[in-house]
Amino acid sequence: MDHPHTIEFRLLRPHRFHVIDLVVNGTRLLDLVREAELPYAVKEQRESEADFAPDPVPLLAGAYALLRTDGRAWPSRHLLGEPIDGATDVWREAETLLLTCPCGVDECWALVARVEVSDTAVRWSDFRSVRRDWDLTGLGPFIFSRRQYEASLRATARAAREARTARRLSAAAAGRRPPRWPRSPAARRAAG
């Protein structure tokens with residue numbers, strides 16, 4: 001089977017938490033989505049001018065945030081066709097969350113797609129904005145080599161470990177004890 005696309009999972013830490021930037025064929029998924037949504041967003045913007053006057057109307061093309069790594073980075077199978085989120089009132093069982101809302105609530109404004117995994121390939125198709133009825137059939141499908149896909153996904157775990165080690169070393173060099181956040185809800189309750 002031909003695998004015409006490449007994927008890179010870039011681990012970023014813009015705040016106190018890590019996010020995953022999805023890069024398809026060297027272009028951020030967020031940029032690809034923005035381009036696909038732009039005609040619909042411009043049309044919606046023009047139709048809403050009177051409702052917002054005199055303020056400018058927001059342009060909603062690509063108005064998403066990157067996925068937090070919590071439960072979605074390696075070794076999670078979220079990006080391997082087994083989403084951790086399951087079905088909600090805004091996306092279906094067979095859909096995987098790829099981009100989320102900048103407000104932090106996934107169900108608020110999200111981009112989902114079907115992620116299918118075979119022995120040799122990973123396929124992303126049927127992209128959908130959960131809050132807009134915009135035709136995103138021009139986006140994808142993307143077919144990746146499973147080997148390359150999983151290698152890039154595994155690299156996020158390595159990058160997260162290296163970032164934690166660097167923070168600990170930096171804190172130790174400054175004479176501070178690095179913060180430790182309990183991982184599970186039970187551990188958070190036990191810590192008070």
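Excluded from the calculations below are hydrogen atoms, water molecules and symmetry mates; all remaining heavy atoms, backbone and side chain alike, are included.
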By side-chain contact (heavy atoms from CB on, under 4.5 Å) - contacts of P102 (at least two apart):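 Testing P102 for side-chain contact (heavy atoms from CB on, under 4.5 Å), a comparison that skips the adjacent residues, returns A65.
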
Name all residues meeting the side-chain contact (heavy atoms from CB on, under 4.5 Å) criterion together with R132; count only those two or more places apart in sequence or in a different chain, and write none if there are none.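 Expected list: E44, L60, W109, S129, W134.
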
If every non-hydrogen atom of [X] is compared with every non-hydrogen atom of [Y], which pair is closest and at what distance?
X	Y	value
I143	A121	CG2-CB, 4.1 Å
L30	G62	CD1-O, 3.6 Å
V23	G26	CG1-C, 3.5 Å
N25	P4	OD1-O, 4.2 Å
T6	Q148	CA-OE1, 3.7 Å
I20	L79	CD1-CD1, 4.3 Å

Could you give all pairs that pass the salt bridge (charged side-chain N to carboxylate O under 4.0 Å, His left out) test and reach residues 25-34, with sequence neighbours left out?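 Of all non-adjacent pairs touching residues 25-34, those that pass salt bridge (charged side-chain N to carboxylate O under 4.0 Å, His left out) are D21-R28, D31-R34.
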
My understanding is that only residues two or more places apart in sequence, or in another chain, count here; which of them pass side-chain hydrogen bond (donor to acceptor under 3.5 Å, both in side chains) with S48?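 side-chain hydrogen bond (donor to acceptor under 3.5 Å, both in side chains) check on S48 returns nothing, list empty.
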
Once side-chain hydrogen bond (donor to acceptor under 3.5 Å, both in side chains) is applied, do any residues pair with T27, and if so which ones, sequence neighbours excluded?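 In terms of side-chain hydrogen bond (donor to acceptor under 3.5 Å, both in side chains), with neighbours along the sequence ignored, T27 is linked to no residue.
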
Supply the atom-to-atom distance [X] [atom1] to [Y] [atom2], rounded to the nearest 0.5 angstrom.
X	Y	atom1	atom2	result
L32	L136	CG	CG	11.5 Å
D133	R128	CG	CZ	9.5 Å
C101	R131	SG	CZ	9.5 Å

Is the backbone of S145 close enough, under 3.5 Å, to the side chain of H5 for a donor and an acceptor to pair up by distance?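 No, because the side chain of H5 does not come within donor-acceptor range (under 3.5 Å) of the backbone of S145.
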
List in chain and number order the residues that pass salt bridge (Lys or Arg N to Asp or Glu O under 4.0 Å) with [X], two or more places apart in sequence or in another chain; answer none if no residue qualifies.
X	result
R77	E82
E8	R10
E150	R146, R154

Does the distance from a Lys or Arg side-chain N to an Asp or Glu carboxylate O, for E95 and R114, drop under 4.0 Å?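 No, this pair does not count.
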
Verdict with reasoning, R123 to S125, per side-chain hydrogen bond (donor to acceptor under 3.5 Å, both in side chains): CA-CA 6 Å; R123 184 175 193 266; S125 63; 3.2 Å; yes

Got a sec, which hydrophobics cluster with L38, joining ILVMFWY side chains under 4.5 Å apart, including via others?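 Under the 4.5 Å side-chain rule, L38 groups with V42, L59.
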
I'd like to know whether L153 forms a side-chain contact (heavy atoms from CB on, under 4.5 Å) with L80, so could you lay out the CA-CA distance, the side-chain angles of the two residues, the decisive distance to 0.1 Å, and finally the verdict. CA-CA 10 Å; L153 191 54; L80 287 165; 4.2 Å; yes

Give the C-alpha distance, both sets of side-chain angles, the deciding distance and a yes or no for side-chain contact (heavy atoms from CB on, under 4.5 Å) between L67 and L99. CA-CA 6 Å; L67 274 183; L99 296 171; 6.0 Å; no

Show your reasoning for whether side-chain contact (heavy atoms from CB on, under 4.5 Å) applies to F127 and V112. CA-CA 6 Å; F127 290 86; V112 295; over 6 Å; no

Carefully, step by step, assess E116 and V122 under the rule side-chain contact (heavy atoms from CB on, under 4.5 Å). CA-CA 6 Å; E116 300 168 294; V122 178; over 6 Å; no

Ignoring hydrogens and geometry beyond distance, is a side-chain donor-acceptor pair present between Y64 and E37 at under 3.5 Å?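 Y64 vs E37: donor-acceptor pair found between side chains.
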
L111 vs L97 side-chain heavy atoms within contact, under 4.5 Å: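 The answer is no; the side chains never approach within 4.5 Å.
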
With sequence neighbours left out, write down each residue that passes ring pair (Phe, Tyr, Trp, His ring centres under 6.0 Å) with F144, or none if nothing qualifies.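 W124, Y149.
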
